[in-house]
Protein chains: 2
Amino acid sequence: MEILTAVTALSALAQEHRLEIFRLLVREGVHGTPAGHIGEKLGIPLSTLSFHLSQLKNAGLINCRRESRTLFYSANYLSMNELMAYLTENCCEGNPDSCEIPVGCVPEKEK
Amino acid sequence: MEILTAVTALSALAQEHRLEIFRLLVREGVHGTPAGHIGEKLGIPLSTLSFHLSQLKNAGLINCRRESRTLFYSANYLSMNELMAYLTENCCEGNPDSCEIPVGCVPEKEK
DNA sequence: ACTATATTTCTATATTATTAGAAATATGGA
DNA sequence: TCCATATTTCTAATAATATAGAAATATAGT
């Protein structure tokens, strides 16, 4: 991963509204959620929401598909996991005794 | 984790110099690296470096200990992993078939 | 006390991001 | 074609962040 790709993704997540949006979409799953529902659930005006969705989309963290008049947004799990892998790359020079706490998209019941 | 804690950590990582600094420290391990070495390796003026180190420190992503005149900075692996867990929390409503790609601090050779 | 080293704090300037109302665009039904 | 719904783009005001030189602080050796 290019460092600018990672900075763009992290910048996209480094904002309260956008982090809420992203976590909502991570919870909702691959089918996606209409933009309007996101704004309603989080109490964000639609023009502001649209700005934040485009930031997340531009960073590759979310996907968008149209179904009639409705745009469904969904989390891009692959790019999320690539970002996390980038952060932990080569940790402890390959000797992770002191830091190994694997995380990822794993359901609560299996933890 | 509080959302503001996560936003602070993500904001700290969402900057090219700071992301380079953090990834360097993740690689170097728990013993830590003197501030001067970081600036030298990354070509960052010391006053600028100090500003960025304080942002990362304030976000809880790195630790600092003094040894004589030298300040050793090191990655805080626990808070890094907590941040990643926060991003993936409750993914896919507990049905991660479409997104399960666990990541974390695991050495290359074991991947 | 003096000097050298390691690092931080202060400062001002320059750059970038956030907000939400109003207008514009896209789609589909009558 | 006309209207309703869903969402985006435009706009301008406001706020926050990054930069690096110079001065200040902390530590240790002579």
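FYI, side chains are in, hydrogens and waters are out, and symmetry mates aren't considered; it's all heavy atoms of this structure. Just so it is clear: chains get the letters A, B, ... in the order the sequence lines come, proteins before strands, and each one is counted from 1.
Put simply, A:Gln15 has a side-chain N or O that comes within less than 4.0 Å of OP1 or OP2 on C:dT19.
The residues A:Arg18 and A:Glu16 are annotated as not salt-bridged, no charged nitrogen and carboxylate oxygen being separated by less than 4.0 angstrom.
Atom CG of A:Leu46 and atom C1' of C:dG21 are 12 Å apart (whole Å). Taking atom CG on A:Leu49 and atom C1' on C:dT18, their separation rounds to 14 Å, with Å as the unit. A straight line from CD1 of A:Ile44 to C1' of C:dT18 spans 12 Å, rounded to a whole angstrom. Taking atom CG of residue A:Leu13 and atom P of nucleotide C:dT18, one finds them 12 Å apart after rounding to whole Å.
Contact of the A:Val30 side chain with the A:Ser74 side chain is not registered, since no non-hydrogen atoms from C-beta on lie closer than 4.5 Å. The shortest side-chain heavy-atom distance between B:Met84 and A:Thr88 falls under the 4.5 Å cut-off.
Between chain B and DNA chain D, the heavy-atom contact criterion of under 4.0 Å yields a 5' to 3' nucleotide range of D:dA18 to D:dA28.
A distance-only check finds a donor-acceptor pair linking the side chain of A:Arg66 to the backbone of A:Ser68 [under 3.5 Å]. Of the possible polar contacts, one joining the B:Ser79 side chain to the B:Gly60 backbone as a donor-acceptor pair under 3.5 Å is found.
Remark: A:Arg23 CZ to B:Leu87 CG distance equals 8.0 Å, nearest 0.5 Å.
Of the residues in residues 53-72 of chain B, those with a non-hydrogen atom less than 4.0 angstrom from any atom of DNA chain D are B:Gln55, B:Arg66, B:Ser68, B:Arg69.
Remark: B:Glu28 engages B:Lys41 in a salt bridge (Lys or Arg N to Asp or Glu O under 4.0 Å) (not counting sequence neighbours).
For the side-chain contact (heavy atoms from CB on, under 4.5 Å) with A:Leu61, the qualifying choice from A:Thr8, A:Leu13, A:Leu25 is A:Leu13, the only one to do so.
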